[in-house]
Q: 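Starting off with a structure, shown below.
Computed from a predicted structure; not experimentally measured.
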Amino acid sequence: ASNTTLLSSTAWMFAAPRERWPLSYEWLTAWQRSRARTLMALSISGSLLAEGFEFTEGPVWSRDGYFLFSDPNANRIYKYTPDTKVEVWKENSGYDGKDVAEYRQPGSNGLAVDGKGRLTINEHGRHRVTRLEHDGSLTVLAERYAGKRLNSPNDLVYRSDDSVYF
């Protein structure tokens, strides 16, 4: 297993010159811009927040002020806060079947928060996109396209009108 750092998957986007960003900075909502500036400061300063993960993906700030990210290989979502540091937030984040060992990346990948503060999760092993509701229930947003099961949903993003793209 590699020794992946917490921000290794995303630091380039926020540290790179604006003309290299995949999305226009102006396109982001004010809340997203504030989080991007926070990540920029963390990335540029080179602060190491945590290490020892197999593979990190899906970084997202919650509206409650904590940072979530996926480790698809470990099948977990982790939570980072300055007070508690890193803790497992969700086990079996993308798959919980008996044949989990057959998957190289059974866990969740991309994470995003919608306009109502609900977490959306790309679940590799379950081949679907889900949303965690405020009451703790899970809503399946997509698991098929043109009658076929999704392969392995990877990244996702919400547009300012709450349309989700993955």
Q: Applying salt bridge (Lys or Arg N to Asp or Glu O under 4.0 Å), which residue pairs with at least one partner in residues 83-95 are found, sequence neighbours left out?
A: R76-E91

Q: Could you tell me which non-hydrogen atom of E123 sits nearest to which non-hydrogen atom of P153, and how far apart they are?
A: O-CD, 4.0 Å

Q: Under the 3.5 angstrom rule, does the side chain of H134 hit a backbone N or O of G117 as a donor-acceptor pair?
A: no

Q: Is there a side-chain contact between V86 and F53, using heavy atoms and a 4.5 Å cut-off?
A: yes

Q: Rounded to the nearest 0.5 Å, what's the gap from OH on Y80 to CH2 on W61? Could you check?
A: 7.0 Å

Q: Look only at the side chain of S108 and the backbone of S70, and say whether a donor-acceptor pair between them is shorter than 3.5 Å.
A: no

Q: Atom CG in L68, atom CD1 in I121: separation rounded to 0.5 Å?
A: 9.0 Å

Q: What are the two closest non-hydrogen atoms of A142 and F166, and how far apart are they?
A: CB-CZ, 3.7 Å

Q: Nearest 0.5 Å, please: how far is CZ in R149 from NE2 in H127?
A: 4.0 Å

Q: Going only through I, L, V, M, F, W and Y residues with side-chain contacts under 4.5 Å, is there a path from V140 to L111?
A: no

Q: Quick one: does N109's side chain have a donor or acceptor within less than 3.5 Å of a partner on N122's backbone?
A: no

Q: In sequence, state the C-alpha distance, the side-chain angles, and the governing distance for S163 and D161, and then conclude on side chain to side chain donor-acceptor pair (under 3.5 Å).
A: CA-CA 6 Å; S163 298; D161 67 358; 2.8 Å; yes

Q: Under the 3.5 angstrom rule, does the side chain of D71 hit a backbone N or O of E54 as a donor-acceptor pair?
A: yes

Q: State, to 0.1 Å, how close N92 and Y95 come at their nearest heavy-atom pair, and which atoms those are.
A: CB-O, 3.5 Å

Q: Donor-acceptor pair, distance only, cut-off 3.5 Å: does the side chain of R128 make one with the backbone of G94?
A: no

Q: Can you measure from CZ (R131) to CG (L156) and round to the nearest 0.5 angstrom?
A: 12.0 Å

Q: Can you list everything that forms a side-chain hydrogen bond (donor to acceptor under 3.5 Å, both in side chains) with R144? Sequence neighbours excluded, please.
A: none

Q: Linking I/L/V/M/F/W/Y whenever any side-chain heavy atoms sit under 4.5 Å apart, do F67 and V88 land together?
A: yes

Q: Closest approach of R63 and D114, non-hydrogen atoms and distance?
A: NH2-O, 3.9 Å

Q: Once you round to the nearest 0.5 Å, how far does CZ of R126 lie from OG of S93?
A: 7.5 Å

Q: Do E143 and T130 have side chains that get closer than 4.5 Å, going by heavy atoms?
A: no

Q: Would you check if there is a donor-acceptor pair between the side chains of S137 and D135 at a distance under 3.5 Å?
A: yes

Q: Counting C-beta onward and ignoring hydrogens, is there a side-chain heavy-atom pair between L150 and Y145 closer than 4.5 Å?
A: yes

Q: What's the shortest heavy-atom distance between K116 and D162, and which atoms?
A: N-OD2, 4.3 Å

Q: Taking the side chain as every heavy atom from C-beta outward, state whether V129 and V164 have any atom pair closer than 4.5 Å.
A: no

